[in-house]
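Comments concern the structure below.
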Amino acid sequence: MCSSDLWNVPHEWVTARLMWRSYRGGRMAFGFGGWGTDYPGGDRNLIEGVRRLTRIDVRSVEQAVDLDGSDDVYNWPFLYAVEVGQWLLDENEAKQLRDYLDRGGFLMVDDFHGRYQWQIFEEGIRAVFPDSPIEDLPASDPIFHMLSDVDLNVQIAGEAALMYGRTYEQGDDPYPRWRGIRANKGRIVVAICHNMDLGDAYEWSDEPVYPEKWANLAYRILGNYVVYDLTH
């Protein structure tokens with residue numbers, strides 16, 4: 001067995017799934033269906049994609065991480081968070097996430113849709129970066145060209161959208177939006193995939209029912225993000 005298949009030895013790169021609290025029906029809860037959407041299947045395919053696209057030494061399993069005030073989050077350079085149109089961050093969680101990103105960490109957010117979910121996400125991320133602009137990233141930005149060039153006009157649809165024969169989930173804002181937040185020196189520290197579902201592309205990439213063109217783009221975006229994270 002090669003060392004890249006051993007989860008309990010050090011590796012060059014590990015993807016960490018960010019756990020967060022959600023507000024549902026008047027109560028706070030951790031739980032699947034929120035931060036755990038497409039977990040762990042999507043994460044395992046995500047890992048294999050990084051292995052195939054790069055020469056990075058990747059751990060074979062993901063790491064679930066909580067902003068609990070411990071030092072654990074600082075062990076993982078790449079955080080992946082989904083369904084962030086439902087998240088809640090309190091003052092301490094926001095402060096720790098900011099500290100993590102200021103130390104060189106990277107956050108990729110995905111699988112949230114429409115204006116209402118954007119508002120919830122923005123409220124949370126503004127607690128982390130109250131003064132940093134959220135910008136639409138141009139296609140020319142280096143983050144989209146680290147390994148391969150990508151077409152940002154393509155919308156990576158989730159399974160739910162495909163069931164209705166469309167690429168978007170919320171009609172009030174149906175367009176793919178590739179956004180980001182930069183640190184003081186211009187490094188992108190939060191990569192925002194809004195009105196898309198790359199997690200479904202990873203999870204369903206081995207299934208013939210999921211379009212190959214979207215799975216391919218999702219993996220190429222991921223490869224660019226990972227290499228950007230490790231080199232900037």
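None of the values given here were measured: they were computed from a predicted structure.
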Looking at [Y] and [X], is there a salt bridge between them, counting it only when a charged N and a carboxylate O are closer than 4.0 Å?
X    : Y    : value
E135 : R179 : no
D38  : R17  : no
D229 : R187 : yes
E123 : R126 : no
K95  : D99  : no
R21  : E93  : yes

Looking only at heavy atoms, what is the nearest atom pair of [X] and [Y], with distance?
X    : Y    : value
A16  : V65  : CB-CG2, 3.5 Å
A161 : T167 : CB-C, 3.9 Å
P77  : N75  : CD-O, 3.9 Å
A218 : A201 : CB-CB, 3.6 Å
W178 : C193 : CZ3-SG, 3.9 Å
F78  : Y100 : N-OH, 3.3 Å

Let me confirm one number: the [atom1]-[atom2] distance from [X] to [Y], rounded to the nearest 0.5 Å.
X    : Y    : atom1 : atom2 : result
I156 : L217 : CD1   : CG    : 4.0 Å
K213 : D151 : NZ    : CG    : 10.5 Å
M146 : D141 : CE    : CG    : 10.0 Å
I125 : I181 : CD1   : CD1   : 4.5 Å
N195 : R177 : CG    : CZ    : 6.5 Å
H113 : E169 : NE2   : CD    : 3.5 Å

Hey, can you pull the donor-acceptor pairs under 3.5 Å for the side chains in residues 205-212, sequence neighbours left out?
{"unit_1": "S205", "atom_1": "OG", "unit_2": "Y202", "atom_2": "O", "d": "2.9"}
{"unit_1": "S205", "atom_1": "OG", "unit_2": "Y219", "atom_2": "OH", "d": "2.9"}
{"unit_1": "Y210", "atom_1": "OH", "unit_2": "A157", "atom_2": "O", "d": "2.6"}

Practice prompt. Check whether more than 12 heavy atoms from other residues, nucleotides or ligands sit under 6.0 Å from atom OH of Y74, and answer yes or no.
Written response: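 Yes, the 6.0 Å shell around OH holds more than 12 heavy atoms from other groups.
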
Discussion item. I'd like to know whether CH2 of W214 has more than 12 heavy-atom contacts from other residues, nucleotides or ligands below 6.0 angstrom.
Written reply: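 Counting other residues, nucleotides and ligands, CH2 of W214 exceeds 12 neighbours.
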
Determine whether the side chains of [X] and [Y] contain a donor N or O and an acceptor N or O closer than 3.5 Å.
X    : Y    : result
R220 : N216 : yes
Q119 : E122 : no
D110 : Y80  : yes
S70  : D68  : yes

Item to complete: For residues L198 and D111, determine if any side-chain heavy atom of one lies less than 4.5 Å from a side-chain heavy atom of the other.
Response: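 No, side chains not in contact.
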
Worksheet item: Looking at side-chain heavy atoms only, is the closest gap between V82 and W35 below 4.5 Å?
Response: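 In short, these two side chains do not touch, never coming nearer than 4.5 Å.
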
Worksheet item: Is a side-chain N or O of E62 found less than 3.5 angstrom from the main chain of G41, in a donor-acceptor match?
Response: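 Absent.
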
Fill in: Short side-chain to backbone donor-acceptor contact, R44 and I47, under 3.5 Å
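The answer is no, because no donor-acceptor pair under 3.5 Å joins these two groups.
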
Discussion item. If you apply the rule side chain to side chain contact (heavy atoms under 4.5 Å, CB included), what do you find for W20 with Q86, and how did you get there?
Written reply: CA-CA 9 Å; W20 44 259; Q86 304 178 45; 3.7 Å; yes

Discussion item. H194 vs F112, test: ring-ring contact (aromatic ring centres under 6.0 Å, His included). Steps then yes/no.
Written reply: CA-CA 6 Å; H194 182 223; F112 67 116; 4.7 Å; yes

